[in-house]
**Q** 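Attaching a single structure in structure tokens format; questions to follow.
Numbered from 1 within each chain, the chains take letters A, B, ... in sequence-line order.
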Amino acid sequence: MSLLEVLGEAVSQELQAMGFGRREVRLERPARAEHGDWATTVALSLAKEAGRPPREIASELADRLNRRVLDHVVGVEVAGPGFVNFRLGPGWLHAVLEEVVDAGDDDYARCGSGQGERVQVEFVSANPTGPLHVGNGWLGSYGDALARILDRCGYVVEREYYVNDTGGQIRALGRSLLALRRGDDVPEQGYRGAYVAELAAEYQGPDAASPGSAPLEEDVLAAGRWASGRILSQIQSTLESLGIHYDTWYSQAKIEEGGALGETMAVFERAGLLYEEDGALMLATTEFGDVRDRVMRKSADKGGDYTYLAGDLAYHRDKFLVRGFDRVIDVFGADHHGQVASLKAGVAALGVDPSRLEVRLGQMVSLSDGGEAVKMSKRSGNFVALHELIEELGPSPTRLLSLVSSIDQATTVDLAVVRSQSAESPVFYVQYAHARISAIGRVRRERGIEMRPLSEVNLGQLVHERELAVLRSLEALPEVVRVAAAERAPHRLTAWVRELASRFHGFYHDCRVMGEGVSPDLTQARLWLVEAAAIGLRIGLSLLGVEAPEHMGNPGQQDSAAAEVSS
RNA sequence: GCCCCCGUAGCUCAGCGGAUAGAGCGCCGGCCUCCGGAGCCGGGUGCGCAGGUUCGAGUCCUGCCGGGGGCACCA
């Protein structure tokens with residue numbers, strides 16, 4: 001049993017002895033150090049049913065607990081309206097240090113909450129009609145960090161990118177390409193960014209239509225496919241540079257060319273959910289909570305093609321019923337909000353429990369430059385590409401910047417601030433802590449100081465408030481990881497990493513590890529504290545996909561391109 | 001009109017129903033004979049409004065106000 005379980009059980013037993021029913025007792029961390037190390041609020045919540053003042057219950061409980069012998073507990077006190085606070089000796093934190101070191105980078109702060117559930121995280125999935133924008137990068141970092149965190153919690157995770165390599169947007173891209181190559185104006189619904197012109201100059205494919213007349217459909221399609229293939233490989237390398245690696249790049253064209261659409265429609269047909277209306281094939285999604293039924297196949301006068309939703313449902317049928325994922329997490333931008341209800345309804349129509357499909361919507365990321373909004377549009381070509389931001393900042397700063405706040409929060413990135421203060425982005429603060437730790441190791445080796453085995457080191461020397469603060473952070477990591485996974489909220493881990501870094505910097509400032517005035521015993525204990533902090537930092541940073549470097553470059557001269565993020 | 005997200009410090013954002021709401025940036029002052037000062041310490045301002053639930057609400061519920069996004073036989 002962990003210390004927390006022991007304390008909770010002790011409280012629970014005393015409450016029973018006091019005549020209350022058996023109940024789980026949860027302990028919480030007080031916000032302030034003078035309130036002790038752990039606290040319980042049971043007296044507050046029991047006061048009403050007991051008809052007794054909360055402080056009275058609390059003090060009886062505290063008295064009883066004080067008569068017991070509990071490991072590490074030096075005192076139980078009543079405070080405020082009826083909190084029962086446990087004050088612990090530093091030994092419990094020394095035990096945390098040992099636990100961190102014993103488990104190490106691979107095993108500390110693992111949790112089994114996933115129970116081997118097979119989960120797919122689909123994210124970014126931007127159409128290959130242009131470079132990724134900054135918002136794609138934010139959701140890319142999010143999806144990848146989420147996948148890493150879920151993996152550490154015992155989920156079996158696959159990362160997937162759904163490639164929209166078919167349909168009207170690809171044709172529009174092809175038409176734009178051919179028009180630019182001919183020297184014509186880009187058509188109304190076309191793409192006019194500089195990247196299209198570059199591709200047009202390079203394109204060798206056919207354009208058999210006579211000058212002045214519209215290009216042949218097959219030439220448009222060929223041009224579109226070629227261009228989107230090129231763009232997709234650029235997207236791939238941009239994501240790779242951020243340390244994002246997919247297990248599967250899933251082609252929409254394969255869905256459409258294979259029999260998946262027909263099979264999916266057959267499922268709906270058998271369920272009696274299809275009908276015709278005005279020549280279109282409709283799915284009765286309203287039976288599953290949608291606001292209106294949806295078109296699966298357009299009427300002949302609209303081209304008779306299957307809709308995007310039909311393809312998407314065939315795709316989700318593949319995820320759940322062919323590949324057999326227990327759970328699917330789709331990470332979309334908020335501009336896809338309108339799809340969610342029909343997608344979930346369609347999944348339900350497939351006979352899949354729709355709670356197995358989670359859709360996480362990331363709110364918009366907007367850019368400003370010195371306070372002035374930067375409008376972005378792929379079609380107009382006026383936007384800041386993700387790869388440009390990465391080139392300017394480096395992969396790790398880009399990732400951490402995008403993982404600071406919740407995806408529920410629409411954020412504004414001020415390019416002027418980012419440019420002028422790139423050396424002050426949150427990542428440096430955290431990475432510097434790790435680099436300092438590495439520096440301590442280098443100095444230790446230079447001075448020929450051996451690290452004795454942890455079992456021979458007297459951790460009882462670690463009593464400085466700065467030392468204990470580092471250990472308190474480390475103690476909290478397993479729960480932070482668990483909560484970050486459960487809430488699908490990697491930014492909680494970002495907050496934790498910053499807290500640990502802050503406490504480490506404070507320790508570093510006030511507590512010398514080696515040198516005059518530091519006894520050899522204290523040096524040994526502190527070296528192990530530093531090692532534990534390093535483990536914590538590396539775990540946190542690796543789950544976020546941010547490098548933990550051994551050296552920092554010169555300020556302002558980050559060799560960002562070389563800083564490939566390790567996974 | 002309906003649906004989703006958000007209103008917390010001058011700005012960008014954290015904040016698990018608990019005690020005196022926190023960081024970073026910016027501003028003002030301190031701190032290096034010693035492991036990297038990209039650091040440490042101090043200084044002040046804030047939960048959009050109104051109800052409700054609760055022993056206790058920034059956090060949950062309702063309404064209002066304000067901002068963003070979405071409501072196709074587009075993808």
Side-chain angles (χ1 to χ4, degrees), chain A residues 28-32 34-35 39 41 43-48 53-54 79-83 85 127 129 164 166-170 172 189 252 277-282 291-292 294-299 301-305 307-309 311-312 333-341 361-364 366 371 404-414 417 421 423-426 428-429 431-433 435-444 446-447 479-480 483 486-487 491-492 494-495 498-499 502 504-506 508-510 512-518 526 530 551-556:
Chain A
E28 53 194 61
R29 254 177 280 270
R32 310 180 66 83
E34 67 255 34
H35 294 136
T41 58
L44 292 163
S45 46
L46 286 172
K48 194 169 193 185
F83 294 96
N85 295 332
N127 294 339
T129 52
N164 251 290
T166 178
Q169 297 194 40
I170 298 301
Q189 291 293 305
Q252 184 183 1
E277 185 177 272
D278 301 334
L281 185 66
M282 306 293 293
V291 293
R292 69 170 69 88
R294 302 289 169 171
V295 176
M296 291 288 102
R297 199 179 56 227
K298 302 174 203 173
S299 56
D301 57 316
K302 302 273 184 175
D305 290 333
T307 58
Y308 178 83
L309 176 62
D312 216 11
D335 54 339
H336 290 71
H337 168 65
Q339 295 170 216
V340 177
L361 294 176
Q363 297 301 310
M364 296 284 123
S366 51
V404 165
S405 58
S406 155
I407 61 162
D408 288 338
Q409 178 82 33
T411 54
T412 306
V413 177
D414 191 325
V417 171
Q421 299 167 352
E424 291 163 35
S425 83
F428 293 96
Y429 185 78
Q431 291 188 323
Y432 185 45
R436 277 182 149 176
I437 288 172
S438 302
I440 291 171
R442 287 191 292 273
V443 170
R444 177 183 68 77
E446 278 164 23
R447 296 187 189 173
E479 197 195 341
V480 170
V483 170
E487 295 185 359
H491 76 281
R492 287 187 174 278
T494 309
R498 296 174 76 178
E499 177 196 83
S502 163
F504 179 79
H505 284 307
Y508 183 91
H509 187 264
D510 286 1
R512 285 201 77 71
V513 175
M514 297 163 284
E516 286 174 59
V518 185
R526 284 183 172 166
V530 168
H551 302 271
M552 299 303 280
N554 295 322

**Q** Could you walk me through whether A:M296 and A:L309 pass side-chain contact (heavy atoms from CB on, under 4.5 Å), step by step?
**A** CA-CA 7 Å; A:M296 291 288 102; A:L309 176 62; 3.7 Å; yes
**Q** Could you tell me which non-hydrogen atom of A:P53 sits nearest to which non-hydrogen atom of A:A47, and how far apart they are?
**A**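 In terms of heavy atoms, the two residues are closest at C-CB, 4.4 Å.
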**Q** For a quick check of understanding: with a heavy-atom distance under 4.0 Å over all strands, which category does A:Y429 fall into, base, sugar-phosphate or nothing?
**A**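 It contacts sugar-phosphate atoms only.
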**Q** Roughly how far, to the nearest 0.5 Å, is CZ of A:R492 from CD of A:E479?
**A**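 Separation between the atoms: 9.5 Å.
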**Q** Does A:R292 reach a base, just sugar-phosphate, or nothing at all? Heavy atoms under 4.0 Å.
**A**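 Here A:R292 touches the backbone only, sparing every base.
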**Q** I'd like the C1' distance from B:rC27 over to B:rG10, given in whole Å.
**A**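 Their C1' atoms lie roughly 10 Å apart.
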**Q** Rounded to the nearest 0.5 Å, what separation is found between the CD atom of A:Q363 and the CG atom of A:D335?
**A**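 So the CD of A:Q363 and the CG of A:D335 are separated by 10.0 Å.
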**Q** Nearest whole Å is fine: how far is B:rG36 P from A:R444 CZ?
**A**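 The answer, rounded to whole Å, is 14 Å.
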**Q** When you match A:V443 and A:Y308 each to their closest nucleotide on RNA chain B, which lands nearer the 5' end?
**A**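 Taking each residue's closest nucleotide, the earlier one in sequence belongs to A:V443.
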**Q** So which protein nitrogen or oxygen atoms get under 3.5 Å of nucleotides 14-18 of chain B's nitrogens or oxygens?
**A**
unit_1, atom_1, unit_2, atom_2, d
B:rA14, OP1, A:S406, N, 2.5
B:rA14, OP2, A:Q409, OE1, 3.3
B:rG15, OP1, A:H491, NE2, 2.7

**Q** Under 3.5 Å between N/O atoms: give me all the protein pairs with nucleotides 31-34 of chain B, atom names plus distance.
**A**
unit_1, atom_1, unit_2, atom_2, d
B:rC34, O2', A:R512, NH2, 3.0
B:rC34, O2, A:R512, NE, 3.3

**Q** Under 4.5 Å between any side-chain heavy atoms of A:Q339 and A:D312, yes or no?
**A**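 Result yes, sub-4.5 Å side-chain heavy-atom pair found.
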**Q** Taking Watson-Crick (N1-N3 plus N6-O4 or O6-N4) and G-U wobble (N1-O2, O6-N3), each under 3.5 Å, can you produce the dot-bracket string of RNA chain B? Use [ ] for crossing pairs and | for inter-strand ones.
**A** (((((((..((((....[...)))).(((((.......)))))....(((((..]....))))))))))))....
**Q** Rounding to a whole Å, what distance do you find between A:F504:CZ and B:rG36:P?
**A**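 Interatomic distance, CZ of A:F504 to P of B:rG36: 11 Å.
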**Q** Do A:S299 and B:rC73 share a donor-acceptor pair, side chain to base, under 3.5 Å?
**A**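 By the distance-only test, yes, there is a pair.
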**Q** Provide the distance between the two C1' atoms, one in B:rA9 and one in B:rG15, to the nearest whole Å.
**A**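 The answer is 14 Å between these two C1' atoms.
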**Q** How is A:E499 classified with respect to the nucleic acid when contacts are heavy atoms under 4.0 Å: base, sugar-phosphate, or nothing?
**A**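 Here A:E499 touches no strand at all.
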**Q** Rounded to the nearest Å, what distance is computed from the NE2 atom of residue A:H336 to the P atom of nucleotide B:rA75?
**A**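 From A:H336 NE2 to B:rA75 P: 12 Å.
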**Q** Whether the side chain of A:N85 and the base of B:rA19 hold a donor-acceptor pair under 3.5 Å is what I'd like checked.
**A**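 When only heavy-atom distances are counted, A:N85 does reach the base of B:rA19 through a donor-acceptor pair under 3.5 Å.
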**Q** Rounded to the nearest Å, what distance is computed from the CD atom of residue A:Q169 to the P atom of nucleotide B:rA72?
**A**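 Rounding to the nearest Å, CD of A:Q169 and P of B:rA72 are 17 Å apart.
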**Q** I'd like to know if the side chain of A:H505 reaches the main chain of A:Y429, judged simply by a donor and an acceptor atom lying under 3.5 Å from each other, with no hydrogens or angles considered.
**A**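 Confirmed, A:H505 side chain pairs with A:Y429 backbone.
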**Q** Where the side chain of A:R436 is defined as all heavy atoms beyond and including C-beta, which of B:rC74, B:rG68, B:rG36 is the nearest nucleotide?
**A**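 Looking only at side-chain atoms, A:R436 lies closest to B:rG36.
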**Q** Provide the distance between the two C1' atoms, one in B:rU8 and one in B:rG67, to the nearest whole Å.
**A**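 Straight-line distance between the two C1' atoms is 15 Å.
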**Q** For A:R498 and B:rG39, give me the distance from atom CZ to atom C1', rounded to whole Å.
**A**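 Taking atom C1' of B:rG39 as the reference, CZ of A:R498 is at 15 Å.
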**Q** Taking B:rA50 as the reference, what is the distance to B:rC65 when you measure between their P atoms (whole Å, please)?
**A**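 Going atom to atom, P in each nucleotide, I get 15 Å.
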**Q** Could you tell me how far B:rC71 sits from B:rC11 if I compare only their C1' atoms? Round to whole Å.
**A**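 One C1' to the other, the span is 33 Å.
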**Q** Between A:V530 and A:F504, is any pair of side-chain heavy atoms under 4.5 Å apart?
**A**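 Side-chain contact under 4.5 Å: yes.
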**Q** If you look at every strand shown and take non-hydrogen atoms under 4.0 Å, does A:A79 touch a base, only sugar-phosphate, or nothing?
**A**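 Answer is base: heavy atoms of A:A79 come under 4.0 Å of a base.
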**Q** If I compare all heavy atoms of A:I170 with all of A:T129, which pair ends up nearest, and what's the gap?
**A**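 Shortest heavy-atom contact: CD1-CG2, 4.3 Å.
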**Q** Compare every heavy atom of A:M514 with every heavy atom of A:R512, then report the nearest pair and how far apart it is.
**A**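 Between these two residues, the closest heavy atoms are NE-O, 3.4 Å.
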**Q** Over all heavy atoms of both residues, which pair between A:D278 and A:S299 is shortest? Give the atoms and the distance, please.
**A**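 Closest approach of A:D278 to A:S299, heavy atoms only: O-CB, 3.4 Å.
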**Q** Answer with base, sugar-phosphate or nothing: what part of the nucleic acid does A:D301 contact at a heavy-atom distance below 4.0 Å?
**A**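 Result for A:D301 = nothing.
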**Q** For A:A341, answer base if it contacts any base atom (sugar-phosphate contacts may also be present), sugar-phosphate if it contacts only those atoms, and nothing otherwise; contact means non-hydrogen atoms under 4.0 Å.
**A**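 Nothing, no heavy atom under 4.0 Å.
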**Q** Distance check needed: B:rG24 P versus A:Y432 OH, whole Å only.
**A**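 My rounded result for the distance is 16 Å.
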**Q** Which atom names give the shortest non-hydrogen contact between A:A79 and A:N85, and what distance separates them?
**A**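 For A:A79 versus A:N85, the nearest heavy atoms are CB-ND2, 3.5 Å.
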**Q** Which is it for B:rC31, anti or syn, if anything within 90° of zero counts as syn?
**A**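 Because its glycosidic torsion lies more than 90° from 0, B:rC31 adopts the anti conformation.
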**Q** Roughly how many Å is it from CD1 in A:I440 to P in B:rG37, rounded to a whole number?
**A**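 After rounding, the gap between these two atoms is 10 Å.
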**Q** Determine the Euclidean distance between corresponding C1' atoms of B:rA14 and B:rU59; express it in Å to zero decimal places.
**A**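 Each nucleotide's C1' atom is 13 Å from the other's.
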**Q** Considering only atom P, compute the distance from B:rG58 to B:rG51 and round it to an integer number of Å.
**A**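 The same atom, P, in both gives a distance of 14 Å.
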**Q** Given atom NZ of A:K298 and atom C1' of B:rA72, what is their separation to the nearest angstrom?
**A**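 A:K298 atom NZ is separated from B:rA72 atom C1' by 10 Å.
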**Q** Could you tell me whether A:A410 contacts a base, only the sugar-phosphate backbone, or nothing, with contacts defined as non-hydrogen atoms closer than 4.0 Å?
**A**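 Sugar-phosphate only.
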**Q** With the six-membered base ring of B:rG69 as reference, does the ring of A:H337 sit under 5.5 Å away with planes under 30° apart?
**A**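 Stack criterion not met.
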**Q** To the nearest 0.5 Å, how far apart are CD1 in A:I440 and OH in A:Y508?
**A**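 The OH atom of A:Y508 is 5.5 Å from CD1 of A:I440, to the nearest 0.5 Å.
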**Q** Using a heavy-atom cut-off of under 4.0 Å over every strand shown, decide if A:H35 touches base, sugar-phosphate, or nothing.
**A**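 Base, at least one base atom sits under 4.0 Å.
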**Q** On a heavy-atom basis, which atom in A:L361 and which in A:I407 lie closest, and how many Å separate them?
**A**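 The pair with the smallest heavy-atom distance is O-CD1, 3.7 Å.
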**Q** Rounded to whole angstrom, note down the C1' distance from B:rA23 over to B:rC61.
**A**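 Each nucleotide's C1' atom is 30 Å from the other's.
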**Q** What distance separates A:K298 NZ from A:T307 OG1, expressed to the nearest 0.5 Å?
**A**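 One finds 7.5 Å between NZ of A:K298 and OG1 of A:T307.
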**Q** Tell me what A:E446 touches on the nucleic acid: a base, only sugar-phosphate, or nothing, going by heavy atoms under 4.0 Å.
**A**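 The answer is nothing, as A:E446 stays clear of every strand by at least 4.0 Å.
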**Q** On RNA chain B, compare the nucleotides closest to A:E34 and A:Y508; which residue's is nearer the 5' end?
**A**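 Nearest-nucleotide comparison on RNA chain B picks A:E34.
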